[in-house]
Amino acid sequence: MQNHHVDLQTTLFCGQCFGWKNEEGVFHSVIDKKLVRLTQENFSASVQEHAFLAHYFDMDWEYEQANEFLCTIDPHLKQAIEMFPGLHILNQDPFEVLMCFILSQNNTILRIRKMYDVLCSQYGTEVEPFSYAFPSPAELKNVTEEELRALGMGFRAPYLLDAIQKHSILDDIKNHSFSKALELLMTIKGVGPKVGSCILLYGFHRMESFPLDTWMLKVMRTWFPSKDGTFFAPYAALAQQYLFHYARTRGLS
DNA sequence: GGCCAGGCCCCAG
DNA sequence: CTGGGGCATGGC
């Protein structure tokens, strides 16, 4: 285990996941059908005690080397890394990631979180009183478009339905090349290049992924004109996460 | 009260 | 294959 320092506030609120709450320094969510409660102080002990948390927080990946490399190739990136040390890419459930990033299109992170909560409390398993897991494909298999629209999912309702129907595509993704995997994911309605890249990154830990949303397009035009994701190789995904979070919190200047 | 949001579908050229 | 309108909803 690398035991790299993890900053919970940054890692859990940088836009890669939507289910965590921070109540006065107590971070909580349901992971693998278990209610998890963490503080920054007890985090290290928690991941040592629970293997599923060590995996979820990606404790074995080469963050030290990656950060060191990325700091050397660009000053903006170096600033971003120094401002948010301890940013990890989580290993999330692929189906949950698929659903969340379908919700993300033409939406705000605040509202994605609320829609996530609605799906959990409506369809998910209550693992502790008032704590719900994100629903599984089986729990969602009889849902209708009218139901989802009534819950405020809007034009994304049919996309969610198609994702539920085709969820078994996810079982096979890890056996394919990046481009083939992306192609397979994009057969799901509502999954395009950006959402597909997010699924491959957050659900399958494809660190070569480089999701380009509106923020990242601005970042690239402003700070990296005439460059693309290959400039950050082999750490494109981590660079993307730092730059996305940095630009969103601090702006571009 | 408009404007816009971690995009994508769909259709015209 | 490229470009642009339209999309549900709610937070600001």
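Because only heavy atoms are used, hydrogens play no part in the values below, and waters and symmetry mates are left out as well, while side chains stay in. By convention in this document, chain letters (A, B, ...) are assigned in the order of the sequence lines, proteins followed by strands, and residues within each chain are numbered from 1.
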- Say you pick atom C1' in C:dG11 and the same atom in B:dC8; how far apart are they, in whole Å? 22 Å

- Is A:K180 salt-bridged to A:E183, going by a charged N under 4.0 Å from an acidic O? yes

- Item | Between B:dC3 and C:dG6 - C1' atom distance, rounded Å | 16 Å

- Message: Taking C:dG5 as the reference, what is the distance to B:dC4 when you measure between their C1' atoms (whole Å, please)?
- Response: 16 Å

- Message: Counting only side-chain nitrogens and oxygens, does A:K114 get under 4.0 Å of the OP1 or OP2 atom of C:dT9?
- Response: no

- Task: Using atom types as modelled and distance alone, determine if a side-chain donor or acceptor of A:N91 lies under 3.5 Å from a backbone N or O of A:H55.
- Result: yes

- Message: Under 3.5 Å for both donor-acceptor distances, Watson-Crick or wobble: does C:dT9 have a partner, and if so which one?
- Response: B:dA5

- Do the charged groups of A:D117 and A:K21 touch, with an N to O distance under 4.0 Å? yes

- Task: Please report the closest heavy-atom contact between A:P158 and A:F155, naming both atoms and the distance.
- Result: CD-O, 3.4 Å

- Task: Might you point out which heavy atoms bring A:L238 and A:A66 nearest each other, and give the distance in Å?
- Result: CD2-CB, 3.8 Å

- Are A:L151 and A:Y159 in one and the same hydrophobic cluster, where Ile, Leu, Val, Met, Phe, Trp and Tyr link if side-chain heavy atoms are under 4.5 Å apart? yes

- Rounded to the Å, how far apart are A:L161 CG and C:dA8 C1'? 15 Å

- Task: Take nucleotides 2-13 of chain B nucleotide by nucleotide from the 5' end and write B, S or -, depending on whether a protein heavy atom sits under 4.0 Å from the base, only from the sugar-phosphate, or from neither.
- Result: ---BBBSSS---

- Message: When the P atoms of B:dG6 and C:dG3 are compared, how many Å lie between them, rounded to an integer?
- Response: 23 Å

